[in-house]
Amino acid sequence: MKRTHLPIVPDAILTRYRVNEPNDNRFRSCARLLQSLWRAGRELRIGRHVPPNGEKRWLGSRISDTAARRGGNFMSPEIARLVWLEHAYREPWATSDEQRLWTNLLSSHPLVFNAFGPLRLDDCLATNMLRAMFPDLSDATAETVLFEHSPGRGSDDLTGDNTAWDAAITYIRADGRKGIIAIEMKYSESGWEPIRDLRARYAHLMPAAGLYKDPMAPELRKRPIQQLMREHVLLQAAIMRGDYAEGRFVVILPELNQPMQNACQRYAAQLAMPSEGKALFSTLSLEAFIDLMRHQGDKDYAEDLHERYCLWERIDDIMEDAVPAELAVGN
C-alpha cells in the first residue's frame, strides 16, 4: 500500500536521538530523526546547535566542525570538493550560510549539492537527467548546472532584489534555442518560514509577467507561496529580457512533506493557463528525482541518496521496537 504520511514520533524516542525540537511538524521531526540515524551510521560526530539565547545543545541532525571540515555533510569527496569551490566562486551578492551548509544535515542547502553535484560534474549525466525529467526536451543538450543562481541580483529589469534559484540547468535545443530549468529544492521546509518584504518593482512586474489569473491576489504576496512567486517571476522576467527563449520553474520536494506539497498546490491554483513565451511551473518528488538518477547515472550513489533522505522504513523500525511490551502479541 502506498505510504501517505509519517508517524508522530514519541518525545522519548526523539530525546534519545537528540532531535526533540518542539517546533518541528510531523514531517520535519521524522526527517530530523532520519538525518540523525544517517549521521550515526556514518560515524560522524554530533554537533551543537546555538539558538538565539546562546544556550548550546547537542543536536542529532548536526555534525561537529571537525566532521564538517572533512566534508561529512556531503555524499562523496568529489561533491565536498565541488561545494568548497562553488562557495568560493559564488556569484556576486550571493548569500550563503556557511555553518548551515557544512554542518546542518537537515538543511536543503547541502541536499541541492548532493542531488545536482553529480550533474555538474558529468555533462552527459546532466543531459540524460534533463531529458528524463522533461521528456518534451528530448532534443535538448545541457550546457551547465549552476548553484544559487540569479541572472542578475538587484537588476531593475528583473525583480530588483536578491531572489535566486537553488540550482539551474541551462540547455540548448536542436534548433539553437536556449532554455533554462530554474530549481527550488525543499526538504523539511513547510513554506511558512519567514518571508521578506516585496520591492515596489513587483507591483509592475507581476501583471506584466502574465503568469497569474489575478496578479494582484493577496495570497501571492504572503506565506506559504510568496517565495515561489518571486522565483517564478524572476524566471519570466529573464525570458522577457531575452536571456532565454523558454524556461520552467520546478520545485523538487519529498512526497510526504505535506505542508510544502499543499503550498505548491496553492501556488499552482493561482496560475493562468500556460501560453507561448511564459515560464512553466511544475513539481517533481525527490523520490522520483532519485529514481531517475538510479536509472540514468550511478546506481550506488542514488541508493545512498535515497537512504539518507527518503528511507522512512528506518523510522518504521524504530516505531515497531518502541511498542510497549504489554501490547506485544501473545501477552
Side-chain angles (χ1 to χ4, degrees), residues 91 112 115-116 119-120 122-186 201-202 204-215 220 225 227-253 264-265 267-285 288-289 292-293 296:
E91 295 175 358
V112 173
F116 286 92
L119 280 64
R120 172 61 180 267
D122 185 338
D123 292 342
C124 183
L125 176 61
T127 293
N128 290 341
M129 284 293 291
L130 174 68
R131 295 175 179 179
M133 287 188 288
F134 309 104
D136 60 307
L137 297 181
S138 60
D139 68 330
T141 299
E143 278 193 311
T144 190
V145 176
L146 303 166
F147 297 99
E148 194 59 28
H149 174 63
S150 167
R153 286 177 175 82
S155 296
D156 290 337
D157 52 355
L158 295 175
T159 55
D161 59 15
N162 288 331
T163 297
W165 307 305
D166 286 335
I169 305 174
T170 63
Y171 62 86
I172 296 289
R173 291 272 207 167
D175 61 7
R177 285 178 296 154
K178 186 173 182 178
I180 186 169
I181 309 298
I183 298 158
E184 175 65 21
M185 177 75 79
K186 299 296 188 185
R201 167 72 171 147
Y202 284 90
H204 167 74
L205 187 56
M206 290 175 67
L211 297 173
Y212 305 106
K213 297 173 184 175
D214 177 7
L220 289 166
I225 66 175
Q227 182 192 16
L228 304 182
M229 178 276 291
R230 285 190 286 106
E231 295 188 37
H232 197 181
V233 167
L234 174 64
L235 174 56
Q236 184 59 37
I239 292 173
M240 292 162 60
R241 192 173 69 171
D243 295 9
Y244 306 99
E246 61 185 25
R248 63 191 77 194
F249 173 48
V250 182
V251 181
I252 299 178
L253 72 166
C264 289
Q265 291 168 15
Y267 181 67
Q270 296 288 329
L271 297 175
M273 290 294 292
S275 59
E276 187 175 353
K278 303 303 179 185
L280 301 174
F281 170 76
S282 63
T283 62
L284 179 69
S285 75
F289 176 88
L292 290 174
M293 184 177 285
Q296 301 295 330

Open item on the list: Between Arg173 and Glu246 (salt bridge meaning N to carboxylate O under 4.0 Å), is one present in this structure?
Closed with: yes

Task: Salt bridge Glu184-Lys186, side-chain N to carboxylate O under 4.0 Å - done: yes

Out of curiosity, [X] [atom1] to [Y] [atom2], how far, rounded to the nearest 0.5 Å?
X: Leu130; Y: Glu143; atom1: CG; atom2: CD; answer: 11.0 Å
X: Leu211; Y: Met229; atom1: CG; atom2: CE; answer: 10.5 Å
X: Leu292; Y: Leu125; atom1: CG; atom2: CG; answer: 10.5 Å
X: Phe249; Y: Leu228; atom1: CZ; atom2: CG; answer: 5.0 Å
X: Leu284; Y: Leu253; atom1: CG; atom2: CG; answer: 8.5 Å
X: Ile180; Y: Leu146; atom1: CD1; atom2: CG; answer: 6.5 Å

Any donor and acceptor pair, going by atom type alone, linking the side chain of [X] with main-chain N or O of [Y] inside 3.5 Å?
X: Arg241; Y: Pro151; answer: yes
X: Lys213; Y: Met273; answer: no
X: Trp165; Y: Glu148; answer: no
X: Asp166; Y: Met185; answer: yes
X: Lys278; Y: Ala209; answer: yes
X: Ser150; Y: Gly152; answer: yes
X: His232; Y: Ala279; answer: yes
X: Ser285; Y: Ala288; answer: yes

How close do [X] and [Y] get, heavy atom to heavy atom, and via which atoms?
X: Pro274; Y: Leu280; answer: CB-CD2, 3.8 Å
X: Leu220; Y: Pro215; answer: CD1-O, 4.1 Å
X: Pro207; Y: Tyr202; answer: CD-O, 4.0 Å
X: Phe281; Y: Ala268; answer: CE2-CB, 4.1 Å
X: Gly247; Y: Ile239; answer: N-CD1, 3.7 Å
X: Arg230; Y: Thr159; answer: O-CG2, 4.3 Å

Open item on the list: Applying side-chain contact (heavy atoms from CB on, under 4.5 Å) to Glu91 and Phe147, what does each step give before you reach the verdict?
Closed with: CA-CA 9 Å; Glu91 295 175 358; Phe147 297 99; over 6 Å; no

Task: Gln227 versus Tyr267, side-chain donor and acceptor atoms under 3.5 Å - done: no

Task: Gln270/Ile225 under side-chain contact (heavy atoms from CB on, under 4.5 Å): CA gap, chis, key distance, verdict - done: CA-CA 10 Å; Gln270 296 288 329; Ile225 66 175; 4.2 Å; yes

State, yes or no, whether a side-chain contact exists between [X] and [Y] at a heavy-atom distance under 4.5 Å.
X: Met133; Y: Ile169; answer: yes
X: Glu231; Y: Thr163; answer: yes
X: Thr283; Y: Val250; answer: no

Task: Partners meeting side chain to side chain donor-acceptor pair (under 3.5 Å) with Tyr244 (sequence neighbours left out) - done: none

Task: Pair listing, side-chain hydrogen bond (donor to acceptor under 3.5 Å, both in side chains) test, anchored in residues 124-138, at least two apart - done: Asp136-Arg248

Task: Pairing residues for Asp175 by the salt bridge (Lys or Arg N to Asp or Glu O under 4.0 Å) criterion, not counting sequence neighbours - done: Arg177

- [ ] Decide ring-ring contact (aromatic ring centres under 6.0 Å, His included) for Phe134 and Tyr171; before the verdict, give the C-alpha distance in whole Å, the side-chain angles of both, and the deciding distance to 0.1 Å.
- [x] CA-CA 12 Å; Phe134 309 104; Tyr171 62 86; 8.6 Å; no

- [ ] Decide side-chain contact (heavy atoms from CB on, under 4.5 Å) for Ile181 and Ile183; before the verdict, give the C-alpha distance in whole Å, the side-chain angles of both, and the deciding distance to 0.1 Å.
- [x] CA-CA 6 Å; Ile181 309 298; Ile183 298 158; 3.9 Å; yes

